[in-house]
Amino acid sequence: MKPEARAEFFRILRDANPEPKSELDYATPYELLVAVVLSAQATDKSVNLATRKLYPVANTPSALVALGEEALREAIKTIGLFRTKAKNVIALSRMLLEEHGGEVPRTREALEKLPGVGRKTANVVLNVAFGEPTMAVDTHIFRVANRTGLAPGKDPLAVELKLLKVVPEEFRLHAHHWLILHGRYTCLARSPRCGQCPVYGPCGFKDKAKFAAPAAPKRSRLPK
DNA sequence: ATCCCGAGGG
DNA sequence: CCCTCTGGAT
């Protein structure tokens, strides 16, 4: 995608949604961190359903450690990968208490040392909780960046670096949310809704016309 | 490359 | 039935 098309792409998404927010429910950096860890390979809705009940009971490192891994596992049982996530959230909370005064660290290095926190999760926390213009490349952004030609790359890290290079400065802070929301509601994984896509113009998807066309008229085998 | 892993949609 | 959902650790 050419520079002018990229700018047009983001102008359109920005004008439709000037102040995009995360769809994960959270009130503090810690609540956000835990929600993002829980969100791996799960929908925001399923995570919110669990945290809505969990956070009133325990929403700090000390409270979750006190709650214990077994109880936490039960609380998040409706989310996928719940055994691994429960273990990681407890271990991560202990580490916050022991090494960070119970606070969520603000550096990528410290965040990535936490169990269950990799590059993508660290980027989300840095962007959403601390206002840094990072590019957290998740399943949606990886797909959108490649399909549209906005920032093609063979793996998430390549796409992240490409995005940091080509997204105009004025769009960097919110690019993460514009792209993820576009992927979630319009540029769907299996059947993208090109027919009602706001960035159909600048998009470079080869088969966009195919997905934009109304359902192919059924060929009657008994014409007339 | 594989495992973990429930819920919702098609 | 199959695919997808704000991945990370081994």
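Because the structure is a prediction, the values reported are computed rather than measured. Naming convention: chains lettered A, B, ... in sequence-line order (proteins, then strands); numbering from 1 in each chain.
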Counting any heavy atom closer than 4.0 Å, what does [X] reach on the DNA or RNA strands: base, sugar-phosphate only, or nothing?
{"X": "A:A136", "result": "nothing"}
{"X": "A:V36", "result": "nothing"}
{"X": "A:K85", "result": "nothing"}
{"X": "A:R184", "result": "base"}
{"X": "A:S191", "result": "nothing"}

5' priority, DNA chain C, between A:V128 and A:N88 [closest heavy atom]: A:V128
Heavy-atom nearest nucleotide on DNA chain C for A:S22 versus A:V117: which residue maps closer to 5'? A:S22
Report yes or no: is the cationic atom of A:R73 (NZ for Lys, CZ for Arg) under 6.0 Å from the centre of the six-membered ring of A:F82, at an angle within 45° of the ring normal? no
Should the pair A:W178 and A:F171 be assigned to parallel (<30°), tilted (30 to 60°) or perpendicular (>60°) ring geometry? perpendicular
Contact nearer the 5' end of DNA chain B, comparing A:L81 with A:R190: A:L81
Tell me which nucleotide among B:dC4, C:dT4, C:dG8 gets nearest to the side chain of A:T84. B:dC4
Heavy atoms from C-beta onward define the side chain here; which of C:dC5, B:dG6, B:dC5 lies closest to that of A:H140? C:dC5
Compare side-chain N and O positions of [X] against OP1 and OP2 of [N] and report whether any pair is under 4.0 Å apart.
{"X": "A:T121", "N": "C:dG8", "result": "yes"}
{"X": "A:R143", "N": "C:dC5", "result": "yes"}
{"X": "A:Q41", "N": "C:dC5", "result": "no"}
{"X": "A:S46", "N": "B:dA7", "result": "no"}

Trace of the salt bridge (Lys or Arg N to Asp or Glu O under 4.0 Å) decision for A:E169 with A:R172: CA-CA 5 Å; A:E169 191 278 336; A:R172 263 175 229 159; 5.7 Å; no
Tell me the interatomic distance from A:R73, atom CZ, to B:dC5, atom P, rounded to whole angstroms. 9 Å
If I pick the P atom on C:dG8 and the same atom on B:dA7, what distance separates them, to the nearest angstrom? 23 Å
Salt bridge present between A:E160 and A:R119 (N-O < 4.0 angstrom): yes
Answer yes or no: is there a side-chain heavy-atom contact under 4.5 Å between A:L114 and A:T121? no
